[in-house]
Amino acid sequence: MELVDRLLAGDRRALARLISQIENDGAEARQALAALYPHTGHAHLVGVTGAPGTGKSTLVNEMAKVWRGRGQTVGIVAVDPTSPFSGGALLGDRIRMRDLTGDPGVFIRSMATRGSLGGLARATGDAVKALDAAGFDIVMIETVGAGQAEVDIARTAHTTLVVEAPGFGDDVQAIKAGILEIADVLVVNKADQPGAESTARALMAMLSLGNLRRNWQAPLLKTVATEGRGVAEVVDAVIRHRAYLEASGELARHERARVASELNTLLREALVARLLRRVQDGQLEAAIDRVLAREVDPHTVVEELIASVGSSP
Ligand SMILES: Nc1nc2c(ncn2[C@@H]2O[C@H](COP(=O)(O)OP(=O)(O)O)[C@@H](O)[C@H]2O)c(=O)[nH]1
Ligand SMILES: [Mg+2]
């Protein structure tokens, strides 16, 4: 298992190769991931989510610099199709990224968005495991906080940062309320822009409601990511949250829930695939016809299908 050994020895090219295999969903990746699994569990996983343009990538870069300054290594996975990491970078973003590239203590990778969101979620989860096994102290996952799949990706992290900016979706209060529920740290970025103060006030009001139901009081912090202002405080808040997770036993509960949910998903997929392979050609079509003709209801027909394939070889 040469690739795995090289990855564990710190070879970044081996890591990049494995992530490509993960994206291609090769059987090779599955074997490598199985061998790497005992080496995972060290990294602190930090999800960063929020609307496109709020400054997530900029903030992630700046946070990585702060962590590097404190001797920590940082892996970054960007699942944001608008991310500068995915190649469509503006010149300014490229210049900023130059501070990080060339540093072996930082690894940045954007995930290709081809295929289904479910596939992307799994590929991202596996890429995070690869970075964890490769020994990065911090693994940051940038996702666009647009839909459930992205929110789910962010939720696999130990600590979830929600990034807001003045003028971004102030009208979608309902969505915001949902996203605030998952925020362990809330950041109002672009604090140099007009309206930052009122955005922060509005969020603070909503946050205080959400915080009533939780033991952890999600802090609200203001940043100017382009200038690195307030970023060290965000890193400090993430570290405080990690300490809280450990001290309260939340970390162990979170890990257990995460593994349970992962096994649940894998079991479902495997069982459905296995059953569908056994359903005879035309059997499913016939079942659909009978449901359409109101001869039988969907639940009953599914029970019949399972019974029929269960007894076949
Ligand atoms: N004025 C201002 N602009 C910022 C700040 N942070 C990021 N930006 C700019 O906002 C744009 C989007 O940033 P980006 O990090 O790509 O946002 P993302 O889509 O959330 O990843 C870029 O042009 C950044 O330079 C900030 O704190 N203040
Ligand atoms: Mg981005």
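Index from 1, following the sequence. Atoms within each ligand, like the ligands themselves, are counted from 1 in listed order.
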Under 4.0 Å to a heavy atom of T54 - the qualifying atoms of ligand 1, by number: 20 (O)
Where ligand 1 meets T58 - atom numbers and elements under 4.0 angstrom, heavy-atom basis: 7 (C), 13 (O), 14 (P), 15 (O), 24 (C)
Carboxylate-amine/guanidinium contact R70 D236, below 4.0 Å: yes
G55 N/O to ligand 1 N/O under 3.5 Å: yes
Chi angles and distances behind the side-chain hydrogen bond (donor to acceptor under 3.5 Å, both in side chains) call for Q283, S308: CA-CA 10 Å; Q283 220 179 335; S308 81; 2.7 Å; yes
Proximal heteroatom of E142 relative to the Mg ion (ligand 2) (N/O/S): OE2
Contact check: P52 vs ligand 1, nitrogen or oxygen atoms, below 3.5 angstrom: no
Side-chain heavy atoms of Y244 within contact of I239, under 4.5 Å: no
Within reach of ligand 1, part of E227 (heavy-atom separation under 4.0 Å): neither
Salt bridge flag under 4.0 Å for residues K222 and E197: yes
Ligand 1 contacted by E142 (non-hydrogen, < 4.0 Å): yes
Connected via hydrophobic side-chain network under 4.5 Å: V188 and M204: yes
Set of residues satisfying side-chain contact (heavy atoms from CB on, under 4.5 Å) with respect to R277, sequence neighbours excluded: A273, R274
T58 backbone or side-chain N/O/S under 2.8 Å from the Mg ion (ligand 2): no
Atoms in ligand 1 with a heavy atom of K56 nearer than 4.0 Å: 15 (O), 17 (O), 18 (P), 19 (O), 20 (O), 21 (O)
Residue selection (non-hydrogen contact nearest atom 2 (C) of ligand 1) among D192, N189, L59: D192
Which pairs of donor and acceptor atoms, one on a side chain in residues 125-140, lie under 3.5 Å apart (sequence neighbours left out)?
| from | atom 1 | to | atom 2 | distance (Å) |
| --- | --- | --- | --- | --- |
| K129 | NZ | E262 | OE2 | 2.5 |
| D132 | OD1 | G41 | N | 3.3 |
| D132 | OD1 | H42 | N | 3.2 |
| D132 | OD1 | A43 | N | 3.0 |
| D132 | OD2 | G41 | N | 2.8 |
| D137 | OD1 | H42 | NE2 | 3.0 |
| D137 | OD2 | T73 | N | 2.9 |
| D137 | OD2 | T73 | OG1 | 3.2 |

